[in-house]
Amino acid sequence: MHTAYISHPSFLLHSMGDWHPESPERLRAIEDRLHAARLFDYLTHLEAPSVQRSQLLRVHDAAYIDFVEASSPSEGLRALDPDTSMNPHTLEAARHAAGGAVMAVDRVMRGEVGNAFVACRPPGHHATRNRAMGFCFFNNVAVAVAHALEAHGLARVAIVDFDVHHGNGSEDIFKDDPRVMLCSTFQHPFYPFCGADTARDNIVNVPLPAGTAGDAYREAFSAKIMPHLEAHRPQMLFCSAGFDGHREDEMAQFGLVEADYVWITEQVMGVAARHAEGRIVSLLEGGYDLSALGRSATMHIKTLAAL
Ligand SMILES: [Zn+2]
């Protein structure tokens with residue numbers, strides 16, 4: 001079974017300023033590494049469609065969608081948050097990022113590909129039901145999850161969010177939906193400064209201190225996440241795939257390396273094989289050191305593709 005690699009030209013046009021770490025260069029770094037590793041041509045390349053408003057409305061308030069649309073500038077940048085701005089291409093990129101998430105679910109559910117990686121910008125896991133923040137506008141993984149539930153009738157799914165930041169937007173959207181289990185590992189205390197004391201059966205938050213490296217990370221993941229994932233028996237798995245926990249990434253202070261991302265991917269694939277017929281949709285979130293991001297995302301995709 002093939003792995004889909006879903007992208008769209010607009011993902012390279014969304015920019016929040018030359019200084020901003022969430023840059024178009026991130027996607028170029030991933031694709032450069034996929035080429036260097038001779039993996040690029042073995043993936044099923046798909047162009048992300050634009051999301052439908054009805055698909056966004058499953059996870060975002062109508063007034064918020066209207067606000068993002070109305071905020072789209074005709075030139076320059078418009079800030080929705082101190083570190084989250086729109087340029088004239090951002091709205092199109094955000095629509096295609098969420099649309100790529102929907103496409104990934106459809107292709108995997110139909111069995112056309114075994115799993116899928118959406119190389120999307122802007123990322124999504126900080127976007128709440130009614131707020132843009134942390135470089136995110138529409139919550140792509142939430143849009144994908146809601147599509148799997150509502151359009152494909154799944155009863156149980158799980159998100160594994162291994163970005164170094166807490167997936168607060170995904171928690172906000174699904175905290176009262178027992179069909180969705182969110183498992184999020186994150187540096188704490190750290191941006192967005194929440195998630196350490198959430199008390200919900202379907203939200204499995206694992207705050208970890210600065211300096212956490214591979215062994216301690218794997219131990220925490222094995223002890224605190226795997227039992228919950230197995231018990232939930234998800235029919236599809238979703239990765240909020242952030243690579244900003246890499247030891248070379250200066251955005252945060254984790255000490256993960258490529259081998260750790262391979263290991264995490266294998267854990268998710270194991271759960272998917274046991275409960276979900278292998279179905280995994282992975283979406284790019286963070287990762288800001290270009291070399292570490294390119295190497296880590298490539299190893300994640302190589303593992304997904306069993307290449
Ligand atoms: Zn992050």
Would you call [X] and [Y] a side-chain contact if the rule is heavy atoms closer than 4.5 Å?
| X | Y | answer |
| --- | --- | --- |
| L304 | T265 | yes |
| L284 | L293 | yes |
| I159 | F174 | yes |
| I225 | Q267 | no |
| H188 | L208 | no |
| F138 | L56 | yes |
| V271 | P234 | yes |
| V113 | T3 | no |

* Asked: Under 3.5 Å, is there a donor-acceptor pair between the side chain of T84 and the main chain of L80?
  ->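 Such a contact is absent between T84 side chain and L80 backbone.
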* Asked: Is it true that a side-chain atom of N205 and a backbone atom of G195 form a donor plus acceptor pair closer than 3.5 Å?
  ->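 Checked: pair present.
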Please name the pair of heavy atoms, one in [X] and one in [Y], separated by the smallest distance, quoted to 0.1 Å.
| X | Y | answer |
| --- | --- | --- |
| A144 | V105 | O-CG2, 3.5 Å |
| A148 | F238 | CB-CZ, 3.9 Å |
| A93 | H14 | CB-CB, 3.8 Å |
| V143 | A98 | CG1-O, 4.0 Å |
| R129 | I173 | NH2-O, 3.1 Å |
| L182 | G167 | CD2-O, 3.9 Å |

Salt bridge check: are [X] and [Y] linked by an N-O gap of less than 4.0 Å?
| X | Y | answer |
| --- | --- | --- |
| R28 | E25 | yes |
| E150 | R58 | no |
| R121 | E285 | no |
| R131 | D172 | no |

Would you say the side-chain atoms of [X] and [Y] include a donor-acceptor pair closer than 3.5 Å?
| X | Y | result |
| --- | --- | --- |
| H96 | S10 | no |
| S222 | R218 | no |
| H60 | N130 | no |
| N87 | S15 | no |
| H166 | E171 | yes |

Greater than 12 external heavy atoms within 6.0 Å of [X]'s [atom1]:
| X | atom1 | answer |
| --- | --- | --- |
| H89 | NE2 | yes |
| E277 | CD | no |
| R110 | CZ | yes |
| Y42 | OH | no |
| R233 | CZ | no |
| E219 | CD | no |

I need the [X] [atom1] to [Y] [atom2] distance, nearest 0.5 Å.
| X | Y | atom1 | atom2 | value |
| --- | --- | --- | --- | --- |
| E47 | H8 | CD | NE2 | 4.5 Å |
| D249 | L290 | CG | CG | 9.5 Å |
| L43 | K302 | CG | NZ | 11.5 Å |
| S296 | I30 | OG | CD1 | 9.5 Å |
| R179 | D177 | CZ | CG | 4.0 Å |
| S282 | L237 | OG | CG | 11.0 Å |

* Asked: For the side chain to side chain donor-acceptor pair (under 3.5 Å) test, which of T212, D260, T185 pairs with Y217?
  ->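 Result: among T212, D260, T185, T185 is the only option passing the side chain to side chain donor-acceptor pair (under 3.5 Å) with Y217.
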Test of ring centre spacing under 6.0 Å for [X] and [Y]:
| X | Y | value |
| --- | --- | --- |
| F254 | H246 | no |
| Y5 | H45 | yes |
| H35 | F40 | yes |
| F243 | H300 | yes |
| F135 | Y288 | yes |

* Chi angles and distances behind the side chain to side chain contact (heavy atoms under 4.5 Å, CB included) call for F186, V206 -> CA-CA 6 Å; F186 53 96; V206 182; 5.8 Å; no
* Run the side chain to side chain contact (heavy atoms under 4.5 Å, CB included) check on L283 and V281 step by step: do they pass? -> CA-CA 7 Å; L283 301 106; V281 167; 4.0 Å; yes
* Hey, mind stepping through D163 and D244 against side chain to side chain contact (heavy atoms under 4.5 Å, CB included) and telling me if it holds? -> CA-CA 6 Å; D163 189 279; D244 39 9; 3.1 Å; yes
* **Check against side chain to side chain donor-acceptor pair (under 3.5 Å), H275 and E230** => CA-CA 8 Å; H275 302 291; E230 295 289 352; 2.7 Å; yes
* Is it possible for you to say whether F137 and L57 belong to one hydrophobic cluster, with membership spreading through side-chain heavy-atom contacts below 4.5 Å? =>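 Yes; L57 is reachable from F137 via cluster members.
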* Could you walk me through whether R200 and D176 pass the side chain to side chain contact (heavy atoms under 4.5 Å, CB included) check? -> CA-CA 8 Å; R200 289 280 205 301; D176 296 320; 2.9 Å; yes
* What is the ring orientation for H147 with H152, classed by angle as parallel under 30°, tilted 30 to 60°, or perpendicular over 60°? ->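 Judged by the thresholds at 30° and 60°, the geometry between H147 and H152 is perpendicular.
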* To do: Look at the rings of Y64 and F67 and say which category their plane angle falls in: under 30° parallel, 30 to 60° tilted, over 60° perpendicular.
  =>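 Because their plane-to-plane angle lies in the 30° to 60° range, the rings of Y64 and F67 count as tilted.
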